[in-house]
Amino acid sequence: MPARQATRKPAGTRLTITPPADFDLARDVCSYGYFILAPNHWSVADQTLTRVLHLSDGPATCVIAQPKDKLSIRFDRALSPAERNEAKKQTSRMLRLNEGESHSKAFHTVDKRWRNPGRARLFRSPTLFEDVIKTVTSCNVAWPSTVNMNTQLCRHIGVGGAFPTAQKMARTRLGTLRGRCRVGYRDQRMIDLAKLFAKGQIDEPWLKSPKTPDDDLFKFLVSLPGIGPYAAGNIMQLLGRYSRLAIDTETVRHGKAVLGMTGTDRQITKKLEAHYEPFGDFKFKSYWFELWDFYESKRGPAHLWDREGVGKTFTAAQLQ
DNA sequence: GGTAGACCTGGACGC
DNA sequence: GCGTCCAGGTCTACC
């Protein structure tokens, strides 16, 4: 009988990243609703973010922790040198590590309310495509449906539990998106968007360039299928442009309930634009942290939210 | 340029 | 358990 060989699983890769000095994983991940959406999973017990990243050799699950001042990213498999670079880029985008301390200070100079809690970063996705599709899943729908759509997209279209790539979604049948992923009439729009990304017809360097004027960016975004004024404003903040609000019913509700505004929705929209005007290039951040502060005043700190409970019912409509 | 109605889904509600 | 109503942003047709 041959000697039994020890079967040791190859060690997964572990990356270490030095974030900006004011970065706080729990606060900065749990700062925007996308941290609740699949494939993201925030562990309240461990205070870590787990998700599948789509890398060139296939999906890889990573666990991001911040034991001290460094970020530790542990993968479930070994990554090639090229994949390590991809993983670092995607993680940096997701956590907005490109927004350093100077960016935070500039924001806090304009809006001092968030200096002490240190709020300055908004969580986003590893890729622009995921951010755009997530934005579409948040339009004209209650939050629990947005949660479900993203869960089903990862389950039925994403490889290995990852968020679907543009290439994969572009090849997906309408019936799969509608029947299995429950995206409803958004099916055709999502496939059209995926095709634009897959064919390279979305000029990402132009979208990301600081030289591109905000107005040009907005005009381009609203020309995309499924993207209207709200979605375009939201995608702008996801691109790092905070000079516009993304006004939806939640914004109007905030204007009424928290800021004490009165009038028709249209009048309140104008009042909101005027209210946030003093925050200039940081309008969206000032608005968003006000809204987030309201949620946390009702439900406690976001990094302690129960995923199945609060995470699915955290809109202001259900908090009033 | 402004407005009305359709588009889907899922939750709330009444029976 | 079933049927009805409603919320939610975008798109299209129409004025």
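Letters A, B, ... mirror the listed sequences (proteins, then strands); counts begin at 1.
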S.K.: Think R253(A) has a side-chain N or O under 4.0 angstrom from the OP1 or OP2 of dG8(C)?
M.R.: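 True: R253(A) side-chain N/O within range (under 4.0 Å) of dG8(C) OP1/OP2.
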S.K.: May I ask you to say whether R178(A) pairs ionically with D187(A), meaning some side-chain N is under 4.0 Å from a carboxylate O?
M.R.: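 D187(A) and R178(A): salt-bridged.
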S.K.: Checking side-chain polar atoms at under 3.5 Å, does T127(A) have a donor or acceptor matched by the opposite partner on Q90(A)?
M.R.: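 No, Q90(A) and T127(A) have no side-chain donor paired with an acceptor closer than 3.5 Å.
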S.K.: Using atom CG of D265(A) as one end and atom C1' of dT3(B) as the other, report the distance to the nearest whole Å.
M.R.: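 Spelled out: CG on D265(A) to C1' on dT3(B) is 15 Å.
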S.K.: Please find the pair of heavy atoms, one from S72(A) and one from R14(A), that lie closest to each other, and give the distance.
M.R.: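 The answer is OG-NH2, 3.4 Å.
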S.K.: Grab the CG-P distance between L174(A) and dC7(B) for me, whole Å please.
M.R.: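 Roughly 16 Å, once rounded to whole Å.
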S.K.: Taking E277(A) for the side chain and A274(A) for the main chain, is one N or O donor matched with an acceptor at less than 3.5 Å?
M.R.: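 No, because the side chain of E277(A) does not come within donor-acceptor range (under 3.5 Å) of the backbone of A274(A).
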S.K.: Does R266(A) place a side-chain N or O at less than 4.0 Å from the phosphate oxygens OP1/OP2 of dT3(B)?
M.R.: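 Checking dT3(B) against R266(A), a side-chain N or O does come within under 4.0 Å of OP1 or OP2.
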S.K.: How does protein contact run along nucleotides 9-15 of chain C, one letter per nucleotide 5' to 3', with B for base contact, S for sugar-phosphate only, - for none, heavy atoms under 4.0 Å?
M.R.: BSS----
S.K.: N148(A) side chain N/O closer than 4.0 Å to the phosphate oxygens (OP1, OP2) of dT9(B)?
M.R.: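 No, outside the criterion.
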S.K.: For R244(A), is there an ion pair with D215(A) - N to carboxylate O distance below 4.0 angstrom?
M.R.: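 Looking at D215(A) and R244(A), the cut-off is met.
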S.K.: Counting only heavy atoms from other residues, nucleotides and ligands, does the tally under 6.0 Å from CZ of R84(A) exceed 12?
M.R.: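 More than 12 heavy atoms, drawn from other residues, nucleotides or ligands, come within 6.0 Å of this atom.
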S.K.: Round to the nearest Å and state the distance from Q188(A) atom CD to dA6(B) atom C1'.
M.R.: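 From Q188(A) CD to dA6(B) C1': 17 Å.
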S.K.: What is the distance, rounded to the nearest whole Å, between atom CZ of R182(A) and atom C1' of dG11(B)?
M.R.: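 Roughly 14 Å, once rounded to whole Å.
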S.K.: Between dG8(C) atom C1' and N234(A) atom CG, what is the distance in whole Å?
M.R.: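 Rounded to whole Å, this separation is 14 Å.
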